[in-house]
Protein chains: 2
Amino acid sequence: MQARQAQATPANRLPDGARAAIGNGLRTTPTTRPADGQAPQDGLDLLDQFGTRRAVRRGHEFYAAGDPARFCYRIVSGCVRTVGLDEDGRRQIAEFLLPGDLFGFDALDTHHLTAEALTDTVVVCYPRRAVEALAEQNGALARRLRDLTLRSLRRAHEKMFLLGRKSAGERVAAFLLEMARRGAAQDGQGPVALPMTRADMADHLGLTIETVSRTMARLCRTGAIAPTRCGIEIRDPAALARFGAVTRH
Amino acid sequence: MQARQAQATPANRLPDGARAAIGNGLRTTPTTRPADGQAPQDGLDLLDQFGTRRAVRRGHEFYAAGDPARFCYRIVSGCVRTVGLDEDGRRQIAEFLLPGDLFGFDALDTHHLTAEALTDTVVVCYPRRAVEALAEQNGALARRLRDLTLRSLRRAHEKMFLLGRKSAGERVAAFLLEMARRGAAQDGQGPVALPMTRADMADHLGLTIETVSRTMARLCRTGAIAPTRCGIEIRDPAALARFGAVTRH
DNA sequence: CGGCGTTTTGATGCCAATCAAAGTTTGTGG
DNA sequence: CCACAAACTTTGATTGGCATCAAAACGCCG
């Protein structure tokens, strides 16, 4: 795969907004969302008054499994992983979170996963007490929080399907397409930032690093994707979607 | 699929005209929980006034993936599975639900899984509109519903770990221990009902029927469990918990 | 440049899938 | 109540996909 495509750095080098402009000054000012005069339709807007900005360096954790759940977060920039670990050191990454995503809301009294910054990350941080208190009184917010959790649950079910029933090829292809979609990819084509390591992908997809690497190499050879400096570029979304389906069986 | 449908449409509306013919011989008495004078600490108690009893025969479905979410359910007796299916016919069973369990609450506008009765089942059935309306006004109920979903999410994450990182032996052992725990087993010993088929277990654990069967046979040979008429008996919970750990690697 | 962590690539092995068939249980109809 | 068909389960033989082991190539940062 080291075919090192010459055109590796065209003008469109910025698209991974995920990792652009991260570590600049961390203020702790009460955050207000991108100013817009619209009415607070989204119950989550209510939280903003309690939010404080916080920067976390790559590799550091927001909270660990078992910690009392004191804060919830919204990502401003950067990338986060939620990790489950077992006594043998086996790891399962539940989700990768990108700018705009919320995390830490999936807790009862304590967190059951660990949340770590994949890259230098800036978040808005909400005290859980405030969230709960507000939700108690405000139906819209409560509703919104439940929706959030329901969506998360739906994704988890899809992931269970992926892990239980899909081949390595399908898993990798599905993952790349998901990242493309979430990375605000235009029409499914174009560059996709992959700020995580192969080990992270492997632990997310229930595979080994070697299998992930081999599978991506194969995808490159078929021309469905091409490697870029810090991610890939999707050349043929349809081929990518078909992949695994052909390999399997 | 078998004929077994008494097309009678009783007094109360059935959820879905298409598949309406689910319940036969169903009374529609307003349900009250086992009478107890205690205050309604549990927000869910509020729902009882809206609940109606309904019987569904084995193999029939409560709702299908894609259906508008009109009802939620609590199991009185019987057993239910929530199923995800893909175009190739591959199946993933998200959960088995037992008496006392709730299901159908994990929906936004439509259900994304199918819910089917594993055995003849009796449920209490709550109109979703009523649930939502009540939750909008009642913070305790809203909170309770979110907790419910959060617990479900936590289980889903554990299942992702199981599917992504555990061996066949560990999966089967974990499943049996879980069923034992949920079946109100005394101290983890004793009989465990397994109302589902091997195919169901396989589709829940991301394995094949043959592998499930072989693994259980091995567990029987080691004396950790023993077969019973319609399930198993756990003879040695510790050995069961160790199983897979020794086999793996 | 040189050390180190990550990624790629290759060789080999093993667990679980697949293929196949016998054995058992369940349900149906005579 | 029995006979038979269909579905489910078990067991065996074989294959194959992914893990594991191993080492080279690459990229990063001091």
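Protein chains get the first letters and strands the later ones, always in sequence-line order, with residue 1 at the start of each. Since the structure is predicted, the reported quantities are computational estimates derived from the model, not experimental observations. FYI, side chains are in, hydrogens and waters are out, and symmetry mates aren't considered; it's all heavy atoms of this structure.
Look at CZ on Arg165(A): it is 15 Å from C1' on dG17(D), rounded to the nearest Å. We find that CG of Asp120(B) is positioned 15 Å from P of dT26(C), with the value rounded to whole Å. In this entry the distance linking CG of Asp203(A) with C1' of dA19(D) reads 14 Å, nearest Å. In this entry the distance linking CG of Asp88(A) with P of dA19(D) reads 17 Å, nearest Å. Distance CZ (Phe243(B)) to P (dC15(C)): 12 Å, rounded to an integer number of Å. Atoms CD (Glu210(B)) and C1' (dT15(D)) sit 13 Å apart, rounded to a whole Å. Leu207(B) places its CG atom 16 Å from the C1' atom of dT10(D), with the value rounded to the nearest Å. One can place CZ of Arg171(A) at 12 Å from C1' of dA19(D), the figure rounded to the nearest angstrom.
For Arg229(B), whose side chain is taken as the heavy atoms from C-beta onward, the closest listed nucleotide among dT18(C), dT26(C), dA16(C) is dT26(C). Out of dC18(D), dT20(D), dC19(C), the shortest distance to the side chain of Ser167(A) is found at dC18(D).
Within 4.0 Å (heavy atoms only), Gly169(A) reaches no atom of the nucleic acid at all.
Within 3.5 Å, a donor on the side chain of Arg214(B) pairs with an acceptor on the base of dT18(C), or the reverse.
Of the charged side-chain nitrogens involved, at least one lies within less than 4.0 Å of a carboxylate oxygen, so that Arg57(B) and Asp120(B) count as a salt-bridged pair. Ionic pairing of Glu95(A) and Arg81(A) is not present here: no N-O contact between side-chain nitrogen and carboxylate oxygen is shorter than 4.0 angstrom. In this structure, Glu210(B) does not pair ionically with Arg214(B), as no charged nitrogen and carboxylate oxygen lie closer than 4.0 Å.
Between Phe103(A) and Tyr63(A), the two ring planes are tilted [angle within 30° to 60°].
The two residues Leu162(A) and Ala174(A) come nearest to each other via the heavy atoms CD1-CB, 3.8 Å.
Fit an axis to the five pairs at each end of the helix from dC1(C)-dG30(D) to dG30(C)-dC1(D) and the two axes sit 40° apart, to the nearest 10 degrees.
With Asp203(A) as the partner, the side-chain hydrogen bond (donor to acceptor under 3.5 Å, both in side chains) test is satisfied by one option alone out of Arg90(A), Arg198(A), Arg91(A): Arg91(A).
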Table of protein N/O atoms under 3.5 Å from nucleotides 6-9 of chain D N/O atoms:
unit_1 : atom_1 : unit_2    : atom_2 : d
dT9(D) : OP1    : Arg198(B) : N      : 3.3
dT9(D) : OP2    : Arg198(B) : N      : 2.9

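Within a 6.0 Å sphere centred on CZ of Arg154(B), heavy atoms belonging to other residues, nucleotides or ligands number more than 12.
One finds the CG atom of Leu102(B) at 10.0 Å from the OG atom of Ser152(B) (value rounded to the nearest 0.5 Å).
Side chain of Arg74(B) to main chain of Val124(B): no donor-acceptor pair is present (N/O by atom type, distance under 3.5 Å, no hydrogens or angles).
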